[in-house]
Amino acid sequence: MMVHQPESAATLVALQSVSQCYPGRQGMVKVLDEVSLSVCQGDFIAITGESGSGKSTLLNIIGLLMPPSSGVVNYQGRPVSFGRGAEVAQRAAGRPIGFVFQQFNLIPSLSVLDNVALPLLYQGLAPAARAAQSLAVLETLGIADKAGQRPDDLSGGQKQRVAIARALVAQPALMIADEPTGSLDPRHADEVMTLLCELNQAGMALVMVTHDLALAARAKSRWRIAAGRIVHD
């Protein structure tokens with residue numbers, strides 16, 4: 001099933017007849033079955049589905065983290081060769097993809113500022129430039145005063161804001177969020193969702209997996225995975 005997008009929006013990632021299989025006790029299990037979709041500039045897509053339905057697998061493929069068992073993944077109009085890691089990294093460097101995860105994935109031994117600056121380190125920016133760009137993002141998210149603290153000193157909501165800042169610092173065209181509010185209480189979850197909505201309104205494309213249907217309702221589009229296929233709610 002192809003999920004149609006407005007023709008005026010540039011396509012960032014497109015999947016064509018993508019399937020994903022894993023070995024099971026009784027042979028190969030097909031988690032995704034001939035999925036075709038596109039993610040365009042300005043999209044805010046929420047993906048829901050039962051546990052084990054393939055939500056995170058789909059997210060990893062959209063984010064170029066995982067090759068599909070079959071099918072084609074296009075990034076900015078060109079097919080991705082997952083067998084060549086350098087090629088994937090090079091393409092992502094042009095219009096990077098940001099990632100936000102449920103468990104934050106912050107490095108406890110680093111300060112907030114250094115956690116946020118990590119993507120810029122991999123891009124080869126000078127230390128002063130990394131610090132200035134990272135601090136600017138922290139200021140935008142309202143947590144610049146936490147720059148010198150360690151992640152363990154922060155609340156759950158603050159940790160997720162730091163994780164979002166790290167995803168934003170390289171100015172990605174697309175943000176991938178896997179259960180970004182799953183570890184948060186309702187108040188902090190609402191704060192994070194409001195922030196994500198604001199980022200989308202500013203032009204960033206966002207694809208989010210969530211189990212919370214109320215949060216999913218705040219997205220512009222809702223996709224549900226059932227029997228390995230996409231259902232456009």
Side-chain angles (χ1 to χ4, degrees), residues 1-3 5 9-22 30-49 53-106 115-125 163-180 196 199-200 203-210 219-221 223 225 228-230:
M1 172 183 177
M2 172 64 76
V3 180
Q5 304 291 351
T11 299
L12 299 174
V13 179
L15 276 56
Q16 300 175 2
S17 301
V18 162
S19 295
Q20 186 62 273
C21 302
Y22 296 109
K30 183 173 285 188
V31 178
L32 299 178
D33 185 12
E34 298 287 325
V35 172
S36 296
L37 58 84
S38 61
V39 179
C40 300
Q41 290 180 345
D43 280 349
F44 184 0
I45 300 161
I47 301 174
T48 63
S53 63
K55 300 186 299 298
S56 293
T57 295
L58 178 61
L59 211 61
N60 286 335
I61 294 174
I62 292 173
L64 312 185
L65 293 179
M66 174 189 294
S69 300
S70 63
V72 176
V73 179
N74 289 295
Y75 181 68
Q76 295 186 323
R78 297 178 58 189
V80 176
S81 175
F82 285 91
R84 298 165 59 185
E87 179 180 342
V88 175
Q90 185 177 20
R91 293 187 181 187
R95 294 291 300 278
I97 298 175
F99 295 89
V100 179
F101 303 98
Q102 177 178 348
Q103 299 300 331
F104 318 130
N105 290 353
L106 302 176
N115 266 282
V116 173
L118 272 178
L120 304 180
L121 173 64
Y122 300 141
Q123 290 185 354
L125 267 67
I164 292 171
R166 183 182 56 193
L168 286 175
V169 73
Q171 301 177 342
L174 169 64
M175 181 182 289
I176 302 291
D178 193 355
E179 296 280 7
L196 292 176
L199 293 171
N200 174 251
M204 178 179 296
L206 176 63
V207 180
M208 175 185 71
V209 159
T210 182
K220 295 176 181 176
S221 302
W223 300 348
I225 300 183
R229 299 291 184 96
I230 293 289

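- The distance from atom CD of Gln103 to atom CD of Glu179, rounded to the nearest 0.5 Å, is 10.0 Å.
- Between Leu15 and the choices Val39, Ile230, Ile61, the side chain to side chain contact (heavy atoms under 4.5 Å, CB included) rule is met once, by Ile61.
- By the 4.5 Å heavy-atom criterion applied to side chains, Lys55 and Thr210 are not counted as neighbours.
- Looking at heavy atoms from C-beta onward, Thr57 lies in side-chain contact with Tyr22 at the 4.5 angstrom threshold.
- One finds the CE atom of Met204 at 11.5 Å from the CD atom of Gln41 (value rounded to the nearest 0.5 Å).
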- Task: With side chain to side chain contact (heavy atoms under 4.5 Å, CB included) as the test, would you mind laying out the steps for Leu168 and Met175 before giving the verdict?
- Result: CA-CA 8 Å; Leu168 286 175; Met175 181 182 289; 3.6 Å; yes
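- Of all heavy-atom pairs between Gly63 and Ile97, the closest is O-CD1, 3.9 Å.
- In this structure, the side chains of Ile176 and Leu65 stay at 4.5 Å or more apart for every pair of heavy atoms.
- Here the side chain of Asn200 pairs a donor or acceptor atom with the backbone of Gly42 at under 3.5 angstrom.
- In this structure, Trp223 CH2 and Arg229 CZ are separated by 15.0 Å, a value rounded to the nearest 0.5 Å.
- Closest approach of Val73 and Val18 over heavy atoms only: CG2-CG2, 4.2 Å.
- The distance from the CG atom of Leu174 to the CZ atom of Phe99 is 7.5 Å, given to the nearest 0.5 Å.
- You'll find the side chain of Leu37 stays beyond 4.5 Å of the side chain of Ile45, heavy atoms only.
- A 4.5 Å side-chain heavy-atom check between Asp178 and Gln102 finds every atom pair outside the cut-off.
- In plain terms, the two heavy atoms of Leu59 and Ala177 that are nearest each other are CD2-O, 3.6 Å.
- Here the shortest heavy-atom pairing between Pro172 and Gly98 reads CB-N, 3.5 Å.
- Put simply, the side chain of Ser19 gets close to the backbone of Glu34: a donor and an acceptor are under 3.5 Å apart.
- Checking side-chain atoms of Ser69 against main-chain N and O of Cys21 turns up a donor-acceptor pair under 3.5 Å.
- Contact detail for Thr11 and Cys40: the closest heavy-atom pair is OG1-SG, 3.6 Å.
- To the nearest 0.5 Å, atom CG of residue Leu120 and atom CZ of residue Arg166 are 12.0 Å apart.
- Under the 4.5 Å side-chain criterion, counting only non-hydrogen atoms from C-beta, Pro79 is in contact with Asn74.
- The shortest distance between side-chain heavy atoms of Ser221 and Asp43 does not fall below 4.5 Å.
- Counting only heavy atoms from C-beta outward, the side chains of Pro68 and Leu32 never approach each other to under 4.5 Å.
- Leu196 contributes atom CG, which lies 5.5 Å from atom CG of Leu206 (distance to the nearest 0.5 angstrom).
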